[in-house]
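Here's the structure, in C-alpha cells; my notes come after.
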Number of protein chains: 2
Amino acid sequence: MTKNIEKEIFRQYIITNNLKFSRQREEIIEVFFSIDKHLSVDDIYRILKKKRISVGYTTVYRTMRLLCECNLAQERMFGDGQTRYEHVYGHHHHDHLICIKCRKIQEFHNPRIERLQEIVAGDNNFRALYHKLEIYGICEKCESERRSKE
Amino acid sequence: MTKNIEKEIFRQYIITNNLKFSRQREEIIEVFFSIDKHLSVDDIYRILKKKRISVGYTTVYRTMRLLCECNLAQERMFGDGQTRYEHVYGHHHHDHLICIKCRKIQEFHNPRIERLQEIVAGDNNFRALYHKLEIYGICEKCESERRSKE
DNA sequence: CTAGTTGCAAACCCTTTGCATAGAT
DNA sequence: ATCTATGCAAAGGGTTTGCAACTAG
C-alpha cells in the first residue's frame with residue numbers, strides 16, 4: 001500500500017514542521033493517493049463532496065501545496081487551464097501522452113529522451129535541468145471508437 | 001520582409017471572411033510580426049502604449065485570436081500564467097529551451113524528436129499528432145553571469 | 001448605409017489571501 | 001492553553017463577453 005507510506009511521510013513532514021495533522025488533511029491525501037490519475041483541486045473537492053466529506057475548497061488548495069512542498073506531489077499544467085497534481089513517491093521521471101479527445105493522460109518513460117535533452121542542450125550552450133515532453137494525439141480507445149463509427 | 005507577407009495573408013483572410021481591416025488590427029500585427037519573440041497580450045499592449053498608439057486591451061486579445069485562426073500565430077503556455085504567441089508563417093516545427101532565470105525562450109529543432117515521438121506512440125498504441133518538448137535550465141548568458149559572481 | 005469593430009465595464013475562471021472561528025497537540 | 005488550520009468571502013490575475021458608440025467598405 002503505497003498510500004500508507006505516503007501518509008506516513010506526510011505525517012513526518014507535519015511533525016517536523018510543527019504543523020497539525022487535521023481531519024481534512026487526512027481526508028484529502030486519502031483521496032489523492034488512492035486515485036492514480038492527474039487530479040485537479042476541483043476533482044478532489046468533488047470527490048470529497050460526493051463522499052459527503054466536508055472540506056473547503058481553500059483547504060484542498062492549501063493541502064496540495066503542502067504535498068508539493070514535501071515532494072509527495074507535483075504540479076502539472078496540460079493547457080486546459082487547470083493545475084493538476086501527480087504522485088511523486090516511487091515514480092521515476094516520465095513524460096505524458098495526452099488524448100485530445102477524452103483528455104486521458106498516460107505516462108511513459110523513454111531513456112532516449114534524457115539523452116536527447118543533453119544533446120540539444122550541448123548544441124545550444126544551455127544547461128538543461130529538466131524537461132517536459134507532451135505528446136498529444138488520440139488514445140487507443142478513442143481511435144477504435146472512431147474507427148467503428150465509420 | 002516576412003512581415004509584409006504575413007500582413008498580406010491576414011488581409012486575405014479578412015476579405016475572405018467579410019471582416020474589416022481596421023487601423024487597430026494593422027497596428028497590432030505590425031508590432032507582433034516585427035518582433036521575433038514570444039509576446040503576450042500584455043507585452044503587445046505595452047509596446048503599443050509606449051508608441052502612443054491607442055488600442056484597447058480587448059482588441060489585442062481579439063486580434064491575436066484572429067491571427068491564430070488564420071494560422072499566422074500560435075498560442076503557447078510556458079507555465080508563467082500568461083499565454084504567449086509565436087509566429088508560424090515560414091517557421092518549421094520546433095521546440096523550446098526555457099531559461100528559468102531570465103525567462104528567455106530559445107527555439108531549436110531536432111529531427112530525432114519527431115522520430116522519438118513515433119516510437120513512443122507506437123509502443124503505447126497512441127496516434128501521435130503533435131508534441132511539445134520544453135527543456136528548462138540556465139541559458140548561456142545567465143550561466144556565465146553566475147560563474148563570474150563566484 | 002450597415003454589418004463588423006472597438007473599448008469600456010462587468011463577468012468569468014482559477015487561485016490566493018484576510019480574518020474570525022474551530023481544532024490539534 | 002496555545003498556536004495552527006479551517007472556510008467563508010473577498011481580492012487577484014489573466015481572459016472573455018455584453019453592449020452602445022464607432023468605422024471600414
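In what follows, chains are A, B, ... by sequence order, proteins preceding strands, each numbered from 1.
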NA contact type, A:T63, heavy-atom cut-off 4.0 Å: base, sugar-phosphate, or nothing?
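Nothing: the residue A:T63, judged by heavy atoms under 4.0 Å, touches no strand.
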Could you tell me the separation between the [atom1] atom of [X] and the [atom2] atom of [N], rounded to a whole number of Å?
X     : N      : atom1 : atom2 : result
A:Y57 : C:dG18 : OH    : P     : 21 Å
A:Y45 : C:dC13 : OH    : C1'   : 16 Å
A:D43 : C:dC14 : CG    : C1'   : 13 Å
B:N17 : D:dA24 : CG    : P     : 19 Å
B:E75 : D:dT15 : CD    : C1'   : 10 Å
B:I15 : D:dA24 : CD1   : C1'   : 12 Å
A:L66 : D:dT4  : CG    : C1'   : 12 Å
B:K20 : C:dG4  : NZ    : P     : 7 Å

Treat each ILVMFWY residue as a node, draw an edge where side-chain heavy atoms are under 4.5 Å apart, and state whether B:I14 and B:Y61 are in one component.
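Hydrophobic grouping puts B:I14 with B:Y61.
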[X] vs [N]: side-chain N/O to OP1/OP2 distance below 4.0 Å:
X     : N      : value
A:Q82 : C:dT15 : no
A:R23 : D:dT6  : no
A:Q24 : D:dG7  : yes
A:Y61 : C:dT15 : yes
A:T83 : C:dC14 : no
B:R62 : C:dT6  : no
A:T59 : D:dG7  : yes

Heavy-atom closest pair, residues A:K20 and A:R25:
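So the two residues come closest at O-NH1, 2.9 Å.
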Nearest heavy atoms of A:E114 and A:N110, plus distance in Å
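Of all heavy-atom pairs spanning A:E114 and A:N110, the closest is OE2-O, 3.8 Å.
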Which residue, B:S40 or A:N18, contacts DNA chain D at a nucleotide closer to its 5' end, judged by nearest heavy atom?
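The residue closer to the strand's 5' end, by nearest nucleotide, is A:N18.
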Using 4.0 Å as the upper bound for N to carboxylate O, is an ion pair formed by A:E145 and A:K101?
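Not counted as a salt bridge, because no side-chain N and carboxylate O are separated by less than 4.0 Å.
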Scan for salt bridge (charged side-chain N to carboxylate O under 4.0 Å, His left out) pairs involving residues 40-64 of chain A, sequence neighbours excluded, and state none if there are none.
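Counting only pairs at least two positions apart or across chains, the salt bridge (charged side-chain N to carboxylate O under 4.0 Å, His left out) contacts touching residues 40-64 of chain A are A:D42-A:R46, A:D43-A:R84.
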Does B:T58 or B:F21 map to a spot on DNA chain C nearer the 5' end, using the closest nucleotide for each?
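First, find each residue's nearest nucleotide; the 5'-ward one identifies B:F21.
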When you measure from the side chain of A:V55, which nucleotide among D:dG7, C:dT16, D:dT17 comes out closest?
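Of the options given, the side chain of A:V55 lies nearest D:dG7.
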